[in-house]
Amino acid sequence: CDRLRELDELKEDFISHVSHELRTPLTAVLAHLEVLRTPDLPGSVRDNSLQLIHQETNRIARLVQSLLDLSRLETTVELERRPTDLLLLAEEAIADVILDAESRQIAITLHADSGLARVLADPDKLKQVFLNLLDNGVKYGRSGDKIEVNLHKTPAGIGVSIRDTGPGIPAEHLAHVGQRLYRARTDVEGSGLGLALVGEILRRHQ
């Protein structure tokens, strides 16, 4: 009974957070749609409203996609595992974020032991882990910061670490960063679902 009550509270809390995350951008979109209906609207104001509508609509789309990804992951019985080259996944993920990193003057380096064996994994899901962690490093990093990706042999297989010289996460938030929709900082755009997805993907890979 206590467990069911706890699950109900978690469900209500999650729905409340999702509603808030959707309500904020939707309110902005509706407000700027009204602005666009103003007669003889200056071009600069019109362009600003259109840009904000585009930005907030993308924010909603990303949130919905992340929720769908997490839901599918949790309800999928088996992952599509096959022999996977982790070094190749890391290189592909870095290539996907490198332009954004360079624009922010953040350097990304990759170090890997030679002769790394392939691992049995779902490559698409593991690449998402690399992408989410690299994106966080870029998004929260500062000009001059560095992100270092390391792949090394271990007795059990391959060890992977992604480290950066960014500002880090305050200690009081560390216990919560894997929770759905939890955001330690609200001044940087994000859904609060990235690390929840990372945690679930890694859990499914044991």
Side-chain angles (χ1 to χ4, degrees), residues 13-75 89-108 123-145 147 162 164 166-169 173 176-201:
D13 187 54
F14 178 66
I15 291 173
S16 174
H17 276 87
V18 171
S19 299
H20 173 74
E21 290 295 326
L22 289 172
R23 188 185 305 116
T24 302
L26 281 171
T27 299
V29 168
L30 290 171
H32 282 270
L33 284 173
E34 285 300 315
V35 169
L36 291 174
R37 296 176 63 178
T38 304
D40 302 322
L41 189 68
S44 60
V45 176
R46 177 180 177 277
D47 290 345
N48 183 66
S49 289
L50 287 173
Q51 181 179 357
L52 188 138
I53 289 170
H54 184 263
Q55 175 183 315
E56 294 301 314
T57 303
N58 280 336
R59 178 179 166 188
I60 294 170
R62 284 193 299 271
L63 176 60
V64 171
Q65 186 60 56
S66 293
L67 286 168
L68 287 172
D69 288 343
L70 190 55
S71 176
R72 290 193 192 106
L73 189 60
E74 290 176 338
T75 56
L89 288 188
E91 290 172 340
E92 290 177 352
I94 290 171
D96 285 348
V97 302
I98 194 67
L99 291 180
D100 193 17
E102 289 177 347
S103 71
R104 296 168 181 256
Q105 297 183 315
I106 296 173
I108 302 178
D124 290 336
K125 297 295 188 295
L126 280 191
K127 182 177 177 181
Q128 190 170 7
V129 169
F130 279 105
L131 281 172
N132 281 358
L133 296 177
L134 288 169
D135 182 64
N136 274 2
V138 172
K139 188 163 54 180
Y140 293 99
R142 306 154 299 189
S143 176
D145 276 333
I147 301 172
I162 299 177
D164 64 65
I169 301 171
H173 295 294
H176 307 287
V177 292
Q179 295 175 5
R180 297 181 184 186
L181 301 173
Y182 187 89
R183 298 176 63 195
R185 287 174 55 182
T186 57
D187 59 320
V188 179
E189 187 175 318
S191 67
L193 289 169
L195 292 182
L197 274 167
V198 166
E200 183 63 20
I201 290 170

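The chain is numbered in sequence order, starting from 1. Hydrogens, waters and symmetry mates play no part in the numbers below; they use all other heavy atoms, side chains included.
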K.L.:
Suppose we screen for side chain to side chain contact (heavy atoms under 4.5 Å, CB included). Which residues come up paired with Gln51, at least two apart in sequence or across chains?
P.N.:
none
K.L.:
For the side chain to side chain contact (heavy atoms under 4.5 Å, CB included) test, which of Gln55, His54, Glu56 pairs with Asn58?
P.N.:
His54
K.L.:
Could I get the full list of side-chain hydrogen bond (donor to acceptor under 3.5 Å, both in side chains) partners for Asp135, not counting sequence neighbours?
P.N.:
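Applying side-chain hydrogen bond (donor to acceptor under 3.5 Å, both in side chains) to Asp135 gives none.
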K.L.:
Once rounded to the nearest 0.5 Å, what's the spacing between atom NZ of Lys139 and atom CD1 of Ile106?
P.N.:
12.0 Å
K.L.:
Testing the basics here: between Ile60 and Pro25, what is the closest heavy-atom pair and its distance to 0.1 Å?
P.N.:
CG1-CG, 3.6 Å
K.L.:
Who are the side-chain hydrogen bond (donor to acceptor under 3.5 Å, both in side chains) partners of Asp96, not counting sequence neighbours?
P.N.:
Lys127
K.L.:
Output the distance between atom CG (Leu197) and atom CG (Leu131), rounded to the nearest 0.5 Å.
P.N.:
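Nearest 0.5 Å value for the CG-CG distance: 12.0 Å.
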K.L.:
Could you pull out all residues at least two apart from Gln128 that satisfy side-chain hydrogen bond (donor to acceptor under 3.5 Å, both in side chains)?
P.N.:
none
K.L.:
Could you tell me which residues satisfy salt bridge (charged side-chain N to carboxylate O under 4.0 Å, His left out) with Arg142, sequence neighbours excluded, listed by chain and number?
P.N.:
Asp145
K.L.:
Which pair of heavy atoms, one from Ser49 and one from Val35, lies closest together, and at what distance?
P.N.:
OG-CG1, 3.5 Å
K.L.:
Show me the pairs that pass side chain to side chain donor-acceptor pair (under 3.5 Å) and involve residues 36-45, at least two apart or across chains.
P.N.:
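Checked against side chain to side chain donor-acceptor pair (under 3.5 Å) - neighbours excluded - the pairs reaching residues 36-45 are Glu34-Arg37.
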K.L.:
Looking at residues at least two apart in the chain, or sitting in another chain, which of them share a side-chain hydrogen bond (donor to acceptor under 3.5 Å, both in side chains) with Arg46?
P.N.:
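Scan of Arg46 (side-chain hydrogen bond (donor to acceptor under 3.5 Å, both in side chains), adjacent residues dropped) gives none.
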K.L.:
List the steps and the verdict of side-chain contact (heavy atoms from CB on, under 4.5 Å) for Val129 and Lys125.
P.N.:
CA-CA 7 Å; Val129 169; Lys125 297 295 188 295; over 6 Å; no
K.L.:
Of all residues at least two apart in sequence or in a different chain, which pass the salt bridge (charged side-chain N to carboxylate O under 4.0 Å, His left out) check with Asp164?
P.N.:
none
K.L.:
Under the rule for salt bridge (charged side-chain N to carboxylate O under 4.0 Å, His left out), what residues qualify as partners of Asp124, not counting sequence neighbours?
P.N.:
none
K.L.:
How long is the span from the CD1 atom in Ile201 to the CG atom in Leu126, to the nearest 0.5 Å?
P.N.:
7.5 Å
K.L.:
Can you name the residues that form a side chain to side chain contact (heavy atoms under 4.5 Å, CB included) with Gln105, not counting sequence neighbours?
P.N.:
Ser143
K.L.:
At what distance, to the nearest 0.5 angstrom, does CG of Leu52 lie from CG of Asp47?
P.N.:
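Output value for this atom pair is 12.5 Å.
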K.L.:
With side-chain contact (heavy atoms from CB on, under 4.5 Å) as the criterion, how do Ile147 and Leu134 come out once you've worked through the C-alpha distance, each side chain's angles and the decisive distance to 0.1 Å?
P.N.:
CA-CA 8 Å; Ile147 301 172; Leu134 288 169; 3.8 Å; yes
K.L.:
When rounded to the nearest 0.5 angstrom, what is the spacing between CD1 in Ile162 and CG in Asn136?
P.N.:
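Answer for the CD1-CG pair, Ile162 versus Asn136, is 10.0 Å.
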K.L.:
Can you name the residues that form a side chain to side chain contact (heavy atoms under 4.5 Å, CB included) with Thr57, not counting sequence neighbours?
P.N.:
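With neighbours one apart ignored, the set is Val29, Ile53.
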K.L.:
Identify, with sequence neighbours excluded, every residue that meets side chain to side chain contact (heavy atoms under 4.5 Å, CB included) alongside Asn48.
P.N.:
His32
K.L.:
What are the two closest non-hydrogen atoms of Pro167 and Tyr140, and how far apart are they?
P.N.:
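Taking every non-hydrogen atom into account, CD-O, 3.3 Å.
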